[in-house]
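Notes to accompany the following structure.
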Amino acid sequence: MEYDFRNIEPKWKEYWEKNQVYKVSNQSDKPKFYILDMFPYPSGAGLHVGHPLGYIASDIYARYKRLKGFNVLHPMGYDAFGLPAEQYAIETGQHPAITTEQNIKRYREQLDKIGFCFDWSREVKTSDPHYYKWTQWLFLQLFHSWYNRKENKTKTIADLVNIFQTEGNKNHPCPKDESLSFTKAEWETYPEKEKRDILMKYRIAYLDYAEVWWCEALGTVLANDEVVNGVSERGGFPVERKQMRQWFLRITEFANRLLNSLDSLEWTEAMKEMQRNWIGKSNGAEVKFKLEKGAEIEVFTTRPDTIFGVDFMVLAPEHELVDVITTDEQRKAIEEYKQYVKSRSERERMSEVKQITGCFTGAYAIHPFTGNKIPVWISEYVLAGYGTGAIMAVPSGDQRDHNFAKHFNIPITNIFDSLYNGNEAYADKTGKLQNSGFLSGMDVKNAIATAIKAIEEKNIGKRKVNYKLRDAGFSRQRYWGEPFPIIYVDGVPYGTDESPIKENKELYKLPVELPHVDSYKPGPEGQGPLANITDWVNTLWGKRETNTMPGYAGSSWYFLRYMDPHNDNEFASRKAIDYWGQVDIYIGGSEHAVGHLLYSRMWTKAMYDLGLIGFDEPFKKLINQGMIQGSTRFIYFVSALYSYENEAFKNFHFPQFYISKHFFDTYNLDNTKNYVLDKIEEIFSKYNLPSTLGVQISKTPTVVPIRVDVNVVNGNELDTEAFKKLRPEYANAEFIKEDDKYICGSETEKMSKSKYNVVNPDDIVEQYGADTFRMYEMFLGPVEMSKPWDTKGIEGVHRFLKKMWRSYADEQKGWIITDEPATEAELRILHKTLKKISEDIERFAFNTSVSQLMIAVNELSSLNCHKKAILQPLAIAITPFAPHLAEELWQKCLGNTTSIMDATFPAYEEKYVTENSKKYPVSVNGKPRVEIEFPLDMEQSLIEKEVLSNDTIKKWLDGKEPKKIIYVKGKMINVVV
RNA sequence: GCCCAGAUGGCGGAAUUGGUAGACGCGCUAGACUCAAAAUCUGGUUUUCGCAAGGAAGUGCAGGUUCGAUUCCUGUUCUGGGCACCA
C-alpha cells in the first residue's frame, strides 16, 4: 500500500464538497476569525506558481484556526474589472465579460486543484451587477457626503445644506477654495446650479479637472502603464498631458486620521512607513510674495526660517499665474518650455537631477522682509499638485534649488555663513542662521517659530500643515468598469437617487448596468467607449456620465461583501458586519502598500462615519507575501554556419550548435574557442552535407544567449531530448556539453510568458500532488520573502510525505497502526513538534514548521514507531499543510468517521517539552572551545568551578587568571581573560 | 531621483529576545540492499591548513559598540517592490 496521492486527493476533494465541509455560517458559538487574501485579478495567463503562495499560507492558517476551535471566514473572489480584459477586447473583439468569465473559470480550476478551504458559496466578482450595484450605491453615499473638519467626520450633504441655510459657510471653509465665503442670506439667493457647484467643492466624491495621458493618434487616454519611454506602448505614438474632467475622492480630508490610526494596526513597520511617507505630512508655512506688477504668489515651505535666503521663485509650469505674469519678451520661451513639459511624466520630472531645465518668466516678486527683487522662474521640478505649486527657492539651503541657481547663474545669498561652502547646499537643521535680518543668530527651531510669527503679523501668510497625499482620481475613460450612477441635468451632475431623476423608476434603479457595446473604440474627445452608445447616454433627464470607475472602486470594500454576499437589500447586513468585524489577518503583496490599502482604509473610515459599519480600520493585521520570481534559463547558441550563395540554405535543417554554460563563460579564452570550433567541425562532418549547399563554418562565430523554456530544464541541466521536441526548428540541435551535461545559465526575473520561465501549478500538482505542492511552497522560505521558483527541492518534500505515510502503512501489510502505549521518548518528539508547529503557525513561519514535521517523522521512524497514541495527534498537526493526506490517514487508517477538519488541534504538554539539563558551549574570549553539560538548576558558582577545572579550558587559559566569567542560564558560558 | 525591503555553504533556507552560524531539505559523494534499475536505508558534505588530533577564516562590502554581533549603530554596493490610470 503506497502513498497514492492521485487516488487520495480527488477522493477527499469530492468528499469535502459533498459534505459542505467548508461552508461557513454567520451564526456560531465559536469565536470568529476572518482571514482574507488579496483579491486576484483573473488574468488571461492563468495562475502561475507564484500566485498561490499567499493563498496556501492563509489556507494553512485558516485550517489551523478552525482546528483550534474558531469559526473561520476564508473567502475568495475576483477583482474582475480591469484594463487587460479591455485591451484584449480591443485586439480580438471578444467581449470582456466573456473573456473575464473564461479566465475566472480557469482560475477556479487551478485553485481547486491545490485544495483550498475557501467557502465558494461566498464568492464575489466585482464585475457582477449584483456586486457593483453596491459599489455604485457606496459611491452615491460618498457623493452625498462632505467632510466636517470641526468634528473630523464624514457627514451628509443634507447636513451641510442645513448649515449653509442657517449660517452660511463661515465655520466650514471650502476645501477646494478657501476664498469662497457666503452668508446664509447669500446662499438663499443662489440659483440651484450655483448651489450645486458650491456643494461639489465639498463632496467626498467630486468632479474636478486633472491631467491624463492623451494620445492623439489612438484618440484615447492612456494609463501610465501604457506609456513607455514617452510614447504609447501600442504603436509608439506621441503622447502628452491633457486636462480632463474627472471624478475624485477627497481622501486628503482623511489624511491625518489615516496617518494617526496606523499606530493601532499590526502591520509591518515598513508598510506603515510607506503609508506615512505617501501621506507625507509636513509642518511649515504658507507665505504670499507680492509681485512687482500686482498679483501674488503663494508658496508652501517647511523652512520659513530660510526666508532671507530666497534668491528666486519657481512656479510649476501648469501654475495658473504663469500666463498672467509672463512678460512679452519671455512669452515665446515660456510657451516652448511648457510644451516640453507636457511630454514629461511626473516620475521623469521628479527623478531628473542631472539635466536641469527651467525658464524665466520675466516677472519679479518683492521679498516681504528685504524688499529685494526676486526673479520668478518656472521649472518641471516643481509639481502643480504638491503644496501650492510654487516654491521659494533657497539655494544655500536646498540642493535642488542650489543646482538650479548654479545652472542658470542666479546669485546665491549665503544665510549659513561658513556652514555653506559654496559648492553644496547646507540642508542640515543644525547650526545658526546668519545674514537673515531678525532671524540672524537663531537656531533652526527658534527661527522657524519666529519667522512664522513675523509672517502672520505681517499678514502675508500663516502656519500650515501640508500633505503630499493628493485626492484620488476616480474616473477612467474606459468601458470595462462600473458605470457611474450619475446623470447630468442641464450639465449639472445629479445622483440617480436624487430628484428629479429618482422619480423615474428605471433611472432610479441600481445597478446602472454596463450596456453592451459592439466596439471598444474610445468616444469623441477622449471620452470612454460608453459615449458612443447614444441610446444609453441620453436619458429623460439628461446625459449619463460616460466615465467608469477605476479598479480600486470594487476592491475598496469587497471584504464586507463576503460577510453577506447574496444580500440584495443592502451591501451587507449590519448583523453580519457586526459579527465578522475587521479582517483579522489580511495577506497580500507589498505592491499594494499605498494604493489599495490606503483607499480601502479611507472607504472604511467614511463608511464608519456614516454609521454603515462599526469599525474604522478594515485590516487589523497585515502579512506581506513575497513574490515568487521566475528563474529564467539560458542556452547559448553559436552561429557557426553560413552559406555564401545557396537559397536552399534557408529551407535545409542544419545542425544548430549550443554550448554549455562553462564554454560560454570562458568563450574569450583561445582554448575554449578552439575546443568549441573543433567540436563543431567534428559534429558537422557527420552530417555529410552536399557541398552544393555551400555551407561553411565561421572561424569567429558569435554566441547568443537564448531563453529556454524552464520546463525542459532539470535544475540547471537541459533535458536535450525534451528540448528537441519543443519545436521543429530545434530538432537538429547539437550540444557541446561539459561532463556529459548541458548546463544552462540562469537569471532571476519576473515570472512571465515572454521570458519562458512560467511554471504552472497544475503541472506540479499533477506530478507530485497538491499536498506536496503546498508543503513545498511553504518550505521554500518565509512567506514574506521574495524568491525565485525552483522545482529542484520538491523531491525532498515529496519523499517526506511518503516517509510519513510509511509510519501508518506498509507496502505489503497495509495499515500498521498499533495500540501500544507510547514511550517517553516518543511523547517528547510529539509534544516538541506540537509546540513548535503551533508557535510557528501563529507567527507565519511555515517553512520551519515543515522542517519540524520532517524532524519528527525522521525521529519517529528511527524509533520504529507505529503507535496510534503518537500518530493520531501527528495527523491532525499536519492537516493544515497536507489536508488530503491527513484526511486519508484520519478516516481510513485511524478509523474516524467525521472529517479531520472537525478534529481539535492537540495541545502540547509542558512536561514533555522541558529539559532539565543543558549542554553549554563554553567559550574562552568569545571563541567556543568545548561543550559541558550542567543541570539547569545548578548554582553559578559550582558551574564556574567545574568550568575552570575542565582540561580544555585550562589549556586555553594557559595559566592566566580569568577576568570574568559570563554565564547565561540555558544559553552559554564565556570565560574572559 | 525619492520611499520600502533583502543579501548567510554549490542551491532554498535555519538561528524567534545580542549567546554554539549553517537546523531541515536539495545537490554532490561513499556505502548497504538488488542480476540490474527504481525505491529505500546508512555515513560524509562552509572554506582552508593538517595523516590525525586540532587550528584558522567565515553571514554583500568598510568601519564601530560589546565579554560576545547574521542580529545593534554609521557609511556603502548590489538586487527586488512602489512612486498616484497595471492590478
Side-chain angles (χ1 to χ4, degrees), chain A residues 2 38-41 43 79 81-84 87 210 212-213 221-227 246 268-271 273-274 276-278 280 346-354 381 385 400 468-478 550-552 555 589-596 598 624 626-627 629 715-716 748 750 776 779-782 784-788 790-797 799-800 802-803 806 811 839-840 843 845 847-848 850-855 858 861 919-929 931 963-966 968 970-977:
Chain A
E2 280 189 314
M38 281 187 193
F39 236 2
Y41 174 79
S43 89
D79 189 10
F81 278 131
L83 207 47
Q87 189 51 43
V212 290
W213 280 118
V221 170
L222 298 176
N224 284 339
D225 235 38
E226 299 175 298
V227 178
Q246 310 270 350
T268 58
E269 237 352 272
M271 211 58 165
E273 195 58 23
M274 273 191 265
R276 284 187 197 115
N277 291 332
W278 187 261
E346 262 185 33
R347 178 109 39 106
E348 287 170 327
R349 288 173 58 173
M350 285 186 294
S351 55
E352 192 68 79
V353 284
K354 291 184 191 101
Y381 82 89
R400 275 182 317 181
K468 205 152 64 189
L469 185 70
R470 307 199 298 245
D471 281 345
F474 200 68
S475 293
R476 301 292 182 262
Q477 291 69 38
R478 295 286 174 178
Y552 68 84
S555 63
S590 63
E591 66 270 23
H592 298 284
V594 288
H596 161 62
L598 204 57
N624 289 116
M627 226 180 224
Q629 290 139 329
N716 281 320
T748 300
K750 209 170 182 155
Y776 180 57
F779 189 60
L780 275 177
E784 316 85 51
M785 218 119 77
S786 289
K787 55 229 147 195
D790 204 323
T791 318
K792 77 181 177 198
I794 200 166
E795 286 284 351
V797 174
R799 276 204 278 269
F800 155 70
K802 286 200 280 188
K803 188 168 184 177
R806 285 198 303 273
E811 222 168 289
E839 284 171 0
D840 283 355
R843 65 185 178 102
N847 52 331
T848 49
V850 176
S851 298
Q852 183 57 43
L853 284 164
M854 288 174 167
I855 293 168
N858 285 344
S861 70
K919 270 187 188 154
Y920 285 91
V922 184
S923 302
V924 177
N925 281 339
K927 288 215 176 288
R929 294 301 178 190
E931 227 174 42
K963 229 189 249 165
K964 195 162 55 160
I965 297 176
I966 290 149
V968 183
K971 295 281 186 194
M972 46 66 70
I973 297 162
N974 188 14
V975 184
V976 186
V977 290

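To find a chain, count down the sequence lines: A is the first, B the second, and so on, and within it residues start at 1.
Close to B:C2, at under 4.0 Å from its OP1 or OP2, lies no side-chain N or O of A:Arg349. Residue A:Arg806 has a polar side-chain atom (N or O) positioned under 4.0 Å from OP1 or OP2 of B:C41. For A:Arg799 and B:C26, the shortest distance from a side-chain N or O to OP1 or OP2 is below 4.0 Å. Neither OP1 nor OP2 of B:C24 sits under 4.0 Å from any side-chain N or O of A:Asn858. Taking only side-chain nitrogens and oxygens, A:Asn624 never comes nearer than 4.0 Å to OP1 or OP2 of B:C4.
Nucleotide B:A53 forms a pair with no other nucleotide shown, judged by Watson-Crick or G-U wobble geometry with both contacts under 3.5 Å. B:G6 is paired with B:C78 under the criterion used here, namely a Watson-Crick or G-U wobble arrangement in which both key atom distances are under 3.5 Å. Across all strands shown, B:G1 is found opposite B:C83 as a Watson-Crick or G-U wobble partner, with both distances under 3.5 Å. Using Watson-Crick or G-U wobble geometry with both donor-acceptor distances under 3.5 Å, B:A14 finds no partner in any strand shown. In a base pair of the Watson-Crick type (N1 to N3 plus N6-O4 or O6-N4) or a G-U wobble (N1-O2 and O6-N3), with each distance short of 3.5 Å, B:A30 is matched with B:U42.
Where A:Ser786 and A:Ile794 meet RNA chain B, the nucleotide closest to each residue was compared, and A:Ser786 sits on the side nearer the 5' end.
Within the 4.0 angstrom heavy-atom criterion, no nucleotide atom of any strand lies near A:Glu784. Using a 4.0 Å heavy-atom cutoff across all strands shown, A:Lys919 reaches at least one base atom of the nucleic acid. If you check every strand for non-hydrogen atoms under 4.0 Å, A:Ser555 touches nothing. Residue contacts for A:Trp278: at a heavy-atom cut-off of 4.0 Å it reaches a base atom on one of the strands shown. At the heavy-atom level, A:Val594 lies under 4.0 Å from the strands shown only through sugar-phosphate atoms. Across all strands shown, A:Glu2 has no heavy atoms under 4.0 Å from either base or sugar-phosphate atoms. A:Ala593 comes within 4.0 angstrom of nothing in the nucleic acid, heavy atoms only. A:His592 comes within 4.0 angstrom of a base, heavy atoms only. Within 4.0 Å (heavy atoms only), A:Leu469 reaches at least one base atom of the nucleic acid. Contacts of A:Glu839 with the nucleic acid, taken as non-hydrogen atoms under 4.0 Å apart, are absent. Among the heavy atoms of the strands lying under 4.0 Å from A:Pro928 are primed sugar atoms or P, OP1, OP2 only; no base atom is included. A:Ile966 comes within 4.0 angstrom of a base, heavy atoms only. At a threshold of 4.0 angstrom between heavy atoms, the contacts of A:Pro788 with the nucleic acid are absent. Among the protein residues, A:Glu273 comes within range of the sugar-phosphate backbone only, with heavy atoms under 4.0 Å from sugar or phosphate atoms but none that close to a base.
Per the geometry, CG belonging to A:Asn277 stands 15 Å off P belonging to B:C83, to the nearest Å. Here the C1' atom of nucleotide B:G18 and the CE atom of A:Met972 are 10 Å apart, to the nearest Å. Taking atom CZ of A:Arg276 as the reference point, atom C1' of B:C83 lies 18 Å away to the nearest angstrom. Note: CD (A:Glu226) to C1' (B:C85) measures 8 Å, nearest angstrom. In this structure, A:Glu591 atom CD and B:G80 atom P are separated by 15 Å, rounded to whole Å. The CZ-P distance, from A:Phe800 to B:C26, rounds to 12 Å in whole Å. The separation between A:Asp790 atom CG and B:G13 atom C1' is 13 Å, rounded to whole Å. Rounding to whole angstrom units, CD1 of residue A:Ile855 and C1' of B:A23 are separated by 6 Å.
The P atoms of B:U34 and B:U16 are separated by 46 Å, rounded to the nearest whole Å. A distance of about 31 Å separates the C1' atoms of B:U46 and B:A39, rounded to the whole Å. Of the C1' atoms belonging to B:G81 and B:A14, the separation is 25 Å, rounded to the nearest Å. For the P atoms, the distance linking B:U8 with B:C4 amounts to 22 Å, nearest Å. Rounded to whole Å, the separation between the C1' atoms of B:G13 and B:G9 comes to 11 Å. A gap of 11 Å separates the C1' atoms of B:A7 and B:U70, to the nearest Å. Taking the C1' atoms as reference points, B:U20 lies 10 Å from B:A15, given to the whole Å. Annotation: B:G82 and B:G10 have their P atoms spaced 32 Å apart (nearest Å).
Residues A:Tyr41 and A:Asp79 approach most closely at CD1-O, 3.1 Å, considering heavy atoms.
In this structure, the side chains of A:Arg276 and A:Glu269 come closer than 4.5 Å at one or more pairs of heavy atoms. With a 4.5 Å cut-off on side-chain heavy atoms, A:Val212 and A:Gln246 count as touching. Inter-residue side-chain proximity for A:Lys802 and A:Arg806 is flagged as met; some heavy-atom pair is nearer than 4.5 Å. Side-chain contact check for A:Gln852 versus A:Thr848: every heavy-atom pair is 4.5 Å or farther apart.
A donor N or O paired with an acceptor N or O is not found under 3.5 Å between the base of B:C4 and the side-chain atoms of A:Glu269. Contact of A:Asn974 with B:C67 (side chain to base): a donor-acceptor pair of N or O atoms is detected under 3.5 Å. The base of B:C24 has none of its N or O atoms less than 3.5 Å from a complementary donor or acceptor on the side chain of A:Gln852.
Looking only at distances, no side-chain donor or acceptor of A:Ser923 sits under 3.5 Å from a matching main-chain atom of A:Asn974. With A:Asp840 contributing its side chain and A:Asn847 its backbone, the two residues share no donor-acceptor pair below 3.5 Å. Side chain of A:Thr268 to main chain of A:Met271: a donor-acceptor pair is present (N/O by atom type, distance under 3.5 Å, no hydrogens or angles).
Around CD of A:Glu2, the count of heavy atoms belonging to other residues, nucleotides or ligands within 6.0 Å does not exceed 12.
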**Message:** Assess the residue pair A:Asn858 and A:Lys803 against the criterion (side chain to side chain contact (heavy atoms under 4.5 Å, CB included)); give the C-alpha distance rounded to whole Å, side-chain angles, the decisive distance to 0.1 Å, and a yes or no.
**Reply:** CA-CA 8 Å; A:Asn858 285 344; A:Lys803 188 168 184 177; 2.9 Å; yes
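There is no side-chain donor-acceptor pair under 3.5 Å between A:Asn277 and A:Lys468.
Syn is the conformation of B:G9, whose glycosidic angle sits no further than 90° from 0.
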**Asked** With the sugar-phosphate defined as primed atoms, P, OP1 and OP2, and the base as all remaining atoms, what B/S/- string results for nucleotides 54-61 of chain B, 5' to 3', for protein heavy atoms under 4.0 Å?
**Response** -SSS----
